[in-house]
2 protein chains.
Amino acid sequence: MSLKHATLGLLTYGPASGYDLLQKFRESLANVWPATQSQLYGELGKLAAAGLVTVAAEGPRGRKEYAITPEGSAELRHWLGEVPPAPNRRSEMLLRVFFLGMLTPEQAREYLDDRATVAAELQAELRELATTVDPDSGPLAVYGRLALEWALRFSVMQEEWATWAADEVRRAQEGVE
Amino acid sequence: MSLKHATLGLLTYGPASGYDLLQKFRESLANVWPATQSQLYGELGKLAAAGLVTVAAEGPRGRKEYAITPEGSAELRHWLGEVPPAPNRRSEMLLRVFFLGMLTPEQAREYLDDRATVAAELQAELRELATTVDPDSGPLAVYGRLALEWALRFSVMQEEWATWAADEVRRAQEGVE
DNA sequence: TCGGTCATGTAATGGGTTACATGATTTT
DNA sequence: AAAATCATGTAACCCATTACATGACCGA
């Protein structure tokens, strides 16, 4: 149900075509809620049918510029304020951890060490990104900074955990030998 | 593609029926990779057709006991060791953060404070769970502990972040007034 | 014999991904 | 004139969820 709200949310920054929105998805929401072209055009059709957005203008090449309606805005606010967010229920990374016993301890450690490395790399990218983001460009930047900080803390946590876990495996291995 | 590997993984602990596996999914994998009954029976059919599992025995009430084949075991190990895990690409919680500007600062803070509360509650449950888990029951417990620790660290991080973020909103609000 | 639980299956629906398909407009 | 970009739409497929449907076996 969240593509709907992501779309409405982006439209609160002003009217836009499907094509425009697609770019906004790629630029700003790629890491929290990606959307494909195919999906987005379908969603815009549904939102228009439901009266949450309207075609405010038509341009060249069949361009349709969508605008959020008061109903759409109300729906977005309702979702933000009243509907409790659904936590992520799946983690492929952790699923693998459950079955690491199928590998040799060496391979298990390698997996965990790789997680630590990937997390460290992500951290570096995020820190880089943090310096390039204009601290006061638009309202998205205010809350976008909070999201960036979350990602930073997440990757730190992941790196520390993976390092610790690799060590635990090492310890268990030595204990057995 | 991961239901396949979750199923194969559970079958490495011994042959089981769809019914049995469903309970294992609920007991141990509920928080990393949930599966519904409908989905699981379909998957077992596909795995059998692909030769990754076989019907090792048939029992009363049409019970089919599945066992992992050498091919299935190879596939599982290949997935664990050679296929890089796909990170979670979507976070409803963070998507909402991007649009918190649509709410009043008070409501935005409330949202973040709620995240902190929920994270703290989760933490308490996990700590409780940690005490009840037998430290040396089977191989799943060894790596299950790593997953539990991840969840614990995650909820700590989330609580700290949400508290910090609520404070940032407060500060921004005061700065403007 | 009655209720619980064991046990399997199908159908409908929704969300997501990839690929196919087409064409107008602008820029070089 | 050609290439890049703008712009929309559809079809096929996979995965997941909910609901429906059925019936055998076991213990009290």
Side-chain angles (χ1 to χ4, degrees), chain A residues 1-8 10-11 15-27 29-50 52-66 79 83 85-92 95, chain B residues 1-8 10-11 15-27 29-50 53-67 79 86-92 95:
Chain A
M1 284 291 290
S2 287
L3 175 62
K4 171 173 159 180
H5 300 109
T7 308
L8 290 173
L10 287 177
L11 282 175
S17 68
Y19 191 87
D20 294 339
L21 287 172
L22 202 62
Q23 263 155 305
K24 291 196 187 184
F25 265 98
R26 281 197 257 264
E27 286 162 17
L29 299 185
N31 301 305
V32 298
W33 209 272
T36 61
Q37 181 254 41
S38 167
Q39 218 187 338
L40 186 52
Y41 283 109
E43 189 65 38
L44 284 167
K46 280 190 239 167
L47 289 172
L52 302 178
V53 304
T54 41
V55 178
E58 308 215 9
R61 282 167 288 209
R63 175 188 170 95
K64 292 186 212 164
E65 206 166 60
Y66 291 93
W79 175 74
V83 183
N88 279 349
R89 309 187 54 75
R90 291 188 164 84
S91 167
E92 198 188 309
L95 176 61
Chain B
M1 286 292 290
S2 286
L3 175 62
K4 171 173 157 179
H5 300 107
T7 307
L8 290 174
L10 287 178
L11 282 175
S17 67
Y19 192 88
D20 294 339
L21 287 172
L22 202 62
Q23 263 154 308
K24 291 195 189 184
F25 265 98
R26 280 196 257 265
E27 286 161 18
L29 298 185
N31 301 304
V32 300
W33 208 273
T36 61
Q37 180 254 41
S38 169
Q39 218 186 337
L40 186 53
Y41 282 109
E43 189 65 38
L44 285 167
K46 280 189 240 167
L47 289 172
V53 304
T54 41
V55 178
E58 308 214 11
R61 279 166 292 206
R63 176 187 171 96
K64 294 186 210 162
E65 208 167 58
Y66 291 93
W79 175 74
N88 280 348
R89 307 186 56 75
R90 291 188 164 84
S91 166
E92 197 188 309
L95 176 62

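Proteins get letters first, then strands, A, B, ... in listed order; numbering begins at 1 in each.
Within the structure, side-chain hydrogen bond (donor to acceptor under 3.5 Å, both in side chains) contacts touching residues 34-44 of chain B (residues at least two apart or in different chains) do not occur.
Here A:L11 contributes atom CG and A:L52 contributes atom CG; the two are 10.5 Å apart, rounded to the nearest 0.5 Å. We find the NZ-CG distance between B:K24 and B:L22 to be 12.0 Å, quoted to the nearest 0.5 Å. Between the CG atom of B:L29 and the OG1 atom of B:T7 there is a distance of 9.0 Å, given to the nearest 0.5 Å.
Checked against side chain to side chain contact (heavy atoms under 4.5 Å, CB included), B:A48 has the following partners two or more places apart in sequence or in another chain: B:V53, B:Y66. Looking at residues two or more places apart in sequence or on another chain, you find a side chain to side chain contact (heavy atoms under 4.5 Å, CB included) between B:P34 and A:R89, A:R90. Here A:W33 pairs with nothing under the ring-ring contact (aromatic ring centres under 6.0 Å, His included) rule; sequence neighbours left out. In this structure, the salt bridge (charged side-chain N to carboxylate O under 4.0 Å, His left out) partners of B:R63, at least two apart in sequence or on a different chain, are B:D20, B:E65.
Across residues 29-40 of chain A, A:W33, A:T36, A:S38, A:Q39 each have a non-hydrogen atom less than 4.0 Å from an atom of DNA chain C (numbered order).
Summarising the geometry of A:G18 relative to A:L40, their closest heavy-atom pair is O-CD2, 3.5 Å, with the distance given to 0.1 Å. Between B:A35 and B:L3, the closest heavy-atom pair is CB-CD1, 3.7 Å.
Where B:G42 and B:Q23 each meet DNA chain C at their nearest nucleotide, the meeting point lying more 5' is that of B:Q23.
Using a 4.0 Å heavy-atom distance criterion, A:R89 is classed as making no nucleic acid contact. Among the protein residues, B:K46 comes within range of the sugar-phosphate backbone only, with heavy atoms under 4.0 Å from sugar or phosphate atoms but none that close to a base.
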> How does each nucleotide of nucleotides 23-28 of chain C score, in 5' to 3' order, for protein heavy atoms under 4.0 Å: base (B), sugar-phosphate only (S), or none (-)?
Replying inline: BBB---
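Per the geometry, CZ belonging to B:R90 stands 7 Å off C1' belonging to C:dG16, to the nearest Å. Atom pair A:H5:NE2 and C:dG14:P shows a separation of 16 Å (rounding to whole Å applied). In this structure, B:L95 atom CG and C:dG15 atom C1' are separated by 15 Å, rounded to whole Å. Protein atom CD of B:E92 is 13 Å distant from nucleotide atom P of C:dG15, rounded to whole Å.
Between chain A and DNA chain D, the heavy-atom contact criterion of under 4.0 Å yields a 5' to 3' nucleotide range of D:dT5 to D:dT17.
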